[in-house]
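Hydrogens, waters and symmetry mates are skipped; everything else that's a heavy atom, side chains included, is used. In what follows, chains carry the letters A, B, and so on, assigned in the order in which the sequence lines appear, proteins first and then strands, with residues in each chain numbered from 1.
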Amino acid sequence: MKAGGGSMALRYDPQSAEPKWRAEWDKISLFKAKSPAQAGDAPKAYVLEMFPYPSGRLHVGHVRNYAMGDVVARHKRAKGYNVLHPMGWDAFGMPAENAAMEHNTHPGKWTYQNIAAMKKQFMKLGLSLDWSREFATCDPDYYGEQQRLFLKFMDKGLVYQKKAKVNWDPVDNTVLANEQVIDGKGWRSGAEVEQRDLVQWFFRITDYAEDLLSEVQKLERWPEKVRTMQANWIGRSEGLQMRFEWAGEAPQGHETGVEIFTTRPDTLYGASFVALSPDHPLTIEWAESREDLQAFRAECAKVGTSEADIEKAEKIGFDTGLRVKHPFIDGETLPVWVANFVLMGYGTGAIFACPAHDQRDFDFARKYDLPILPVVKPSGEEADEAWVSSGQGADMDAAYTGPGTAMQSGFLDGKSVDEAKSEAIAKIADAGLGERTVNYRLRDWGVSRQRYWGCPIPVIHCEGCGIVPVPIADLPVKLPEAVSFDRPGNPLFHHPTWKDVDCPTCAKPAQRETDTLDTFNDSSWYFARFASVDDPAERAYWLPVDQYVGGVEHAVLHLLYARFFTRAMRDVGELDLPSGEPFAGLFTQGMVTHATFKSDNGRWLQPSEVEQKPNHWIETATGENVTMGDIVKMSKSKKNTVDPDEIIATFGADAARWFVLSDSPPERDVEWTQSGAEGSARFVQRVWGVFNALSDAPRDDAPMEGEATVALRRASHQLAQAVDTAIEEFRFNSAIASIHEWTSVLKKAEQGDDDLIAARFEGASMLARCLTPFMPHLAEECWALIGGEGLVSAAAWPVVDAGLLVEDNVTLPIQVNGKRRAEISVAKTATKDEIEALALAQSAIASFLDGKDIKKVIVVPGRIVNIVAS
RNA sequence: GCCUGUGUGGCGGAAUUGGUAGACGCGCGGGAUUCAAAAUCCCGUUCUCUUAUGAGAGUGUCGGUUCGAUUCCGACCACAGGUACCA
């Protein structure tokens, strides 16, 4: 480069330095995990980020996720752990089939091409990954093993079949995923979607409900919010299962009555009606002979299968005309309705309704003019005499669901809600009508999918023998290569020959199961496969995962299924993991968001296609006006993704890593901005400058003393300490703030005395190592500049001198009536009395105390002084 | 609808257990360097009033507890994630 004055261009060039250092790491297989034997005394650390779906391109959200895991992995390695940090591909799923339909490519080809492209991008990020353990879940080796596990679970009685609802597209004759149903219509055909029953495979996850619930509370290194979400999802509730006997003639086959489940037996005196789910066996039987009920069921089936759709749907009901006896009031009967807000999947699929104390019952009662009978008097002052005496609830505008005492409830009157629950249950039990039960919101896991690109369920249907497992020796049941996507529906089912097979038991012609497994199966045990392909001892050594990192959107389903899967594997003798818990530590990170841009004619534009003018945005190519829309999660459809390749090409991988970890706390969303990336790139140069200034400085043996030296050393050690704790606590943004400060401190020291040189070297050496988890390539370059030994990625974490962290003096703010008015500097050892005397002697304080009496002086040593005066 | 979060300057955010609100960065303003620019370095930057000194207000809204609240409690508003076939 040509430069004036003969000075070299003093710049760090990431484009040449980054590949150079990655090659150095590869040369010695630095990031390959050691076997238990090789590891010796080193403790193990299994660091794992949720593996990606190979969508085609990496985006900045991936960079953030994997950069976070890399910080943890590199930090652990520097602290002497034997680290396992693997990577692979969650490769089955719908997008591959959609691509097959749109572009006429095979899902497998599409997937493996995407993997190759994304891996290339991954390599540029400088992540400390052990690629020797890589696999894709669509590899037959992997899904074959998954089939074997399925059969083991089946042996153990954890697998069964039952009917369940799916979204059915009547035009395409195909099952739709919830996200493929838009406003009740199929996304391709536009036809009204209807619910349809299909026989499907299920895992008995509910067998583990109690264990999954009680153990999740003990996962101390999981975020509280995730534990709460899991607990709420499992939804344990104690209540009463009881039957209401028929008043009058009983329907055939149901003579004993209607079984209901309730969590509010204390409100039985407020019962207004009994309601059945539209899918209750009784409802279905009646509908066979009643056209009006059949029509009602058809109306209910128009709502999608998702919980949100069902809950938000307008409440509708059908009066069957039948009546049941009230269990406590002789001669009293209640009407039996069919109501769409009663879910067959929860409890018994039937309820009794107490509109005064349940909001859904209340809404329904108002709509169909059913009685509202208040039976709980709110505790405290909320009790309103008029409300209580009205009796009919005519003046209630909402259900009362809070605590209180029973009223207008016969033998329960005056009892608290909890007491009344127990006594009501006891009375029902005495009468032989029911008993106390525990119910869970959690439902069994439906694993059947009517799709091609997934793991085939390894069973055979034989006319004579029934359901026959595929013999272990015949695994894997491979997906057929030749497959057609030119008509909707399951290609495995349409395949001309694939499903034809001889029955393993009787050798007569039989048919393969054509359902494939839900892709959540694939991600429920991949961490065990990373630990070892097939060695149980090595799996036992690595598991559980010490630090799992992934998006908060997986807080319930993925994590719950994985917790079930490891328990099931343990219980069939496939995993030596006594707790059954796969992830000892969990961190859930936020998403990367970006502004969206839309041209005046309604096209979405990529961020790279627009530029900012003083008061507006324009499309670079055309100069046309562009509107900036919402800042949302990066998605292909809104074209607001940012490709890391461009950033790496412009600023380097380190700057990209640095930016996604700066500013926002890891658990929160972060917005991608160009200026932020530029700022990171500037900082890279600034750091390099600090080290470069030291590179030809004389290594000085001067003693490490003198006021300025101690101050500089103190700053370095304090900041190293701050970086260390921030990493441990997943506060990477704080760690980065400390590194910023540290760099400025070292920069300022360049203006200082020559005597500072030793302290500067020490600080730089510590900084390089603290920098490594964040910007590993730059750290290597800096380490080399100051003559560091070997690779900084292999160097030990700096040791902080605790003696340097202690400060002798402390600054205390002085408040008058809670407002800061002055500050004093006192010795750390000063007593309360000394501090108080000093504070009151401050001239700045006096004017605020003028004409006032000092009521109290609060002295919190090391923190604050507050003078209360009036 | 339900469950779980989040809300602080122009912007992203910091504030270890209830103890100096705005660390650090971006942006912006000013200065140094330069023939000039880029790059770099230094200083300033919550708002309002004030010549300065300084004063007042201020962490989504309203209320409460406390000597003291971004932090704890109650009610509300907005946004985000999940809601069992997106991964």
> Applying a 4.0 Å non-hydrogen cut-off, can you work out what A:Ala308 is touching in the nucleic acid: base, sugar-phosphate, or nothing?
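Contact class for A:Ala308: base.
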> Mind checking if A:Lys225 touches a base, just sugar-phosphate, or nothing, with heavy atoms under 4.0 Å?
sugar-phosphate
> Is there a side-chain polar atom (N or O) of A:Arg863 under 4.0 Å from OP1 or OP2 of B:rU17?
no
> Can you find a side chain N or O atom of A:Asn733 that sits less than 4.0 Å from OP1 or OP2 on B:rA14?
yes
> OP1 or OP2 of B:rA38 versus the side-chain N and O atoms of A:Arg682: is any pair under 4.0 Å?
no
> Under a 3.5 Å cut-off for both contacts, is B:rG27 paired Watson-Crick or G-U wobble with anything, and if yes, with which nucleotide?
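Pairing partner, where one exists within any strand: B:rU45.
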> Base, sugar-phosphate, or nothing for A:Asn817, non-hydrogen atoms under 4.0 angstrom?
nothing
> Counting any heavy atom closer than 4.0 Å, what does A:Gly446 reach on the DNA or RNA strands: base, sugar-phosphate only, or nothing?
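Answer is sugar-phosphate: A:Gly446 comes under 4.0 Å of backbone atoms only.
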> Output the single nucleotide from B:rC24, B:rC67, B:rU83 whose closest atom is nearest the side chain of A:Glu741.
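For A:Glu741, the side-chain atoms sit closest to B:rC24.
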> Parallel, tilted or perpendicular: which one describes the rings of A:Phe92 and A:Trp453, with boundaries at 30° and 60°?
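Perpendicular, since the angle between the ring planes exceeds 60°.
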> Assign A:Ser306 to base, sugar-phosphate, or nothing according to its heavy-atom contacts below 4.0 angstrom with the strands shown.
sugar-phosphate
> Indicate, with a heavy-atom threshold strictly under 4.0 Å, whether A:Lys855 touches base, sugar-phosphate, or nothing.
nothing
> Taking only side-chain nitrogens and oxygens of A:Arg821, does any of them come within less than 4.0 Å of OP1 or OP2 of B:rU20?
no
